[in-house]
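Okay, so here's the structure we're looking at.
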Number of protein chains: 2
Amino acid sequence: MLWERAREPHAHRWSLPGGGLRVDEDVETSIRRQLAEKVDVRQLSHVEQLAVFSAPDRVPPPRVVATAFLGLVPSDVDPEVPEDTRWHCVDTLPSMAFDHASIVDRARHRLASKLSYTNLGFALAPPEFTISLLRDHYSAALGYRVSATNLQRVLSRRLLLEPTGGTAPPGPSGGRPAALFRFSAKGIKVTDPFAVLRPPGSGRPAGGGGTP
Amino acid sequence: MLWERAREPHAHRWSLPGGGLRVDEDVETSIRRQLAEKVDVRQLSHVEQLAVFSAPDRVPPPRVVATAFLGLVPSDVDPEVPEDTRWHCVDTLPSMAFDHASIVDRARHRLASKLSYTNLGFALAPPEFTISLLRDHYSAALGYRVSATNLQRVLSRRLLLEPTGGTAPPGPSGGRPAALFRFSAKGIKVTDPFAVLRPPGSGRPAGGGGTP
DNA sequence: CCAGGTTTTCGCCTACTGGTCGAAAACGTC
DNA sequence: GACGTTTTCGACCAGTAGGCGAAAACCTGG
């Protein structure tokens, strides 16, 4: 979501939403306040600090240090934005003001990485979703084709998919109706990473073996 | 590494090294400059932004926003520090000034997480190291026992371990001398994450099959 | 110099995980 | 009712992690 600057510097160029930090708020409160002027903040499914951008010449003087955030909105919400603001496809972004292009770059990298070691992918989808939708989001964020079969198995083996029982109507060209799922958070947040080097004794599920 | 504050507020309490950002430097340059007053900066094997701490009341007025960093030093360097500064064990830290305890907490969490999905573990060890040493670092950072056997296999399967040919002398109580390894960075940085959902066609190593 | 303790290293086995393929199911349209 | 489409499921294979236990290589004490 970009906003067309009205004033100099970089007037009429697209830039990320944001603004100054007030003395009585922390940075997350601040960015949520700034965003509230653009969209309904309750739509945000995830917000996290991205990085501090602080090159002395990143903006014309006076010097400004920016704390950039990564915010996600589920794909089902149709966020209405004010006149001077517009949603863009990340693959076809216009030229942007200041160092905002590199901020977007970092955000895309962060999201793609986190899809691998967290469950952040669910923050991209509505509360109820089909596997195909989820796969499309993964594909878009990662930049390569993802198999729905594999995605479903990997996620359901982690006990993250809970079928709602309902189905979604097929598209205009027919096809089997897709089953609906929701994110099954068994005390897990979408941001929790799963370890690769696990604690000892955690590879052994209860039971097993065989006393035939 | 903590530093004992000389002046109010929080005089005589331990705090993380740091200081004000100058107008002509970015935050990373700044923290490296601040650290240079304490230790030889060339010893740092890794530096990354941790997070911005910005609660309005985190320090007594006037308000200060801090960009915290995570810095790693290989375990073989014995960093000499000035009089007012000391290295502490992270498990037995003294009471700290401001919100610095929560900063340390976050740093420990970040390091433990990153050990799983990056090769940051190598930044904890000297250029040449034994598997046991590496395992000890992993165990300390993760907080649970790690098997040297498994660690070696996992890392060498990723082609990250390169034997130097040398061996390290055994400890005072004997034992087989340990082989020395170095980090084999084949165009890989210690910070590069490895994806769990891989691009299609990457599970197939060249060749394979069988035409006997 | 040999017996016993210690630490590292290697091989084997098992369970789990991810990737791929193809068949079957469930829909729409012609 | 035949055909195209999309989803779903099962099967197969290779790669990966965890867990022994044996062997190797060293030390010390008798």
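Every value quoted in this text rests on a predicted model; they were computed, and no experiment measured them. Chain A is the first sequence line, chain B the second, and so forth, proteins listed ahead of strands; every chain is numbered from 1.
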If you take all heavy atoms of A/A168 and A/T130, which pair is closest and at what distance?
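Scanning both residues, the minimum pair turns out to be CB-CG2, 3.7 Å.
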Exercise. Just do the side-chain contact (heavy atoms from CB on, under 4.5 Å) check on B/F129 and B/S75 with the steps written out, would you?
Key: CA-CA 10 Å; B/F129 51 85; B/S75 58; over 6 Å; no
Taking N or O atoms only and anything under 3.5 Å, show me the protein contacts with nucleotides 9-12 of chain D, one pair per line.
from	atom 1	to	atom 2	distance (Å)
D/dC9	N4	A/T149	OG1	3.1

Whole angstrom value for the distance that separates [atom2] of [N] from [atom1] of [X]:
{"X": "A/Y138", "N": "C/dG19", "atom1": "OH", "atom2": "P", "answer": "12 Å"}
{"X": "B/L142", "N": "D/dG18", "atom1": "CG", "atom2": "P", "answer": "11 Å"}
{"X": "A/R135", "N": "C/dG19", "atom1": "CZ", "atom2": "P", "answer": "15 Å"}
{"X": "A/L151", "N": "D/dT6", "atom1": "CG", "atom2": "C1'", "answer": "16 Å"}
{"X": "A/L155", "N": "D/dT8", "atom1": "CG", "atom2": "C1'", "answer": "15 Å"}
{"X": "A/F129", "N": "D/dT7", "atom1": "CZ", "atom2": "P", "answer": "14 Å"}
{"X": "B/Y117", "N": "D/dA17", "atom1": "OH", "atom2": "P", "answer": "17 Å"}
{"X": "A/L133", "N": "D/dT6", "atom1": "CG", "atom2": "C1'", "answer": "14 Å"}

> Do any side-chain nitrogens or oxygens of A/S147 fall under 4.0 Å of OP1 or OP2 in C/dG18?
Replying inline: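 Looking at the OP1 and OP2 atoms of C/dG18, neither is under 4.0 Å from any side-chain N or O of A/S147.
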Margin query: On the nucleotide C/dG18, are OP1 or OP2 found under 4.0 Å from the side-chain N or O atoms that A/R158 carries?
Written below: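 The answer is yes; a side-chain N or O of A/R158 sits under 4.0 Å from OP1 or OP2.
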### side chain to side chain donor-acceptor pair (under 3.5 Å) between A/D26 and A/T29, worked out
CA-CA 5 Å; A/D26 61 27; A/T29 305; 2.7 Å; yes
**Asked** Nearest nucleotide by nearest heavy atom, which residue falls closer to the 5' end of DNA chain C, B/S173 or B/A178?
**Response**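 The residue whose closest nucleotide sits nearer the 5' end is B/S173.
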Out of [options], which has the shortest distance to the side chain of [X]?
{"X": "B/S132", "options": "C/dG28, C/dT8, C/dG18", "answer": "C/dT8"}
{"X": "B/P177", "options": "D/dC26, D/dT6, C/dT8", "answer": "D/dC26"}
{"X": "A/N150", "options": "D/dT8, D/dA17, C/dG19", "answer": "C/dG19"}

With heavy atoms under 4.0 Å as the rule, sort A/A179 into base, sugar-phosphate or nothing.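 It contacts sugar-phosphate atoms only.
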Contacts of type side chain to side chain donor-acceptor pair (under 3.5 Å), residue B/D40, not counting sequence neighbours:
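Result, side chain to side chain donor-acceptor pair (under 3.5 Å) vs B/D40: B/R42.
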Taking atom CG of B/L111 and atom CG of B/L142, what is their separation to the nearest 0.5 Å?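 So the gap between those two atoms works out to 8.0 Å.
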inquiry  = Donor-acceptor check, side chain of B/H10 to backbone of B/F98, threshold 3.5 angstrom: yes or no?
reply    =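 Such a contact is found between B/H10 side chain and B/F98 backbone.
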Give a yes or no answer on whether the side chain of A/Q34 reaches the backbone of A/G19 with a donor-acceptor pair at less than 3.5 Å.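 Between the backbone of A/G19 and the side chain of A/Q34 there is a qualifying donor-acceptor contact (under 3.5 Å).
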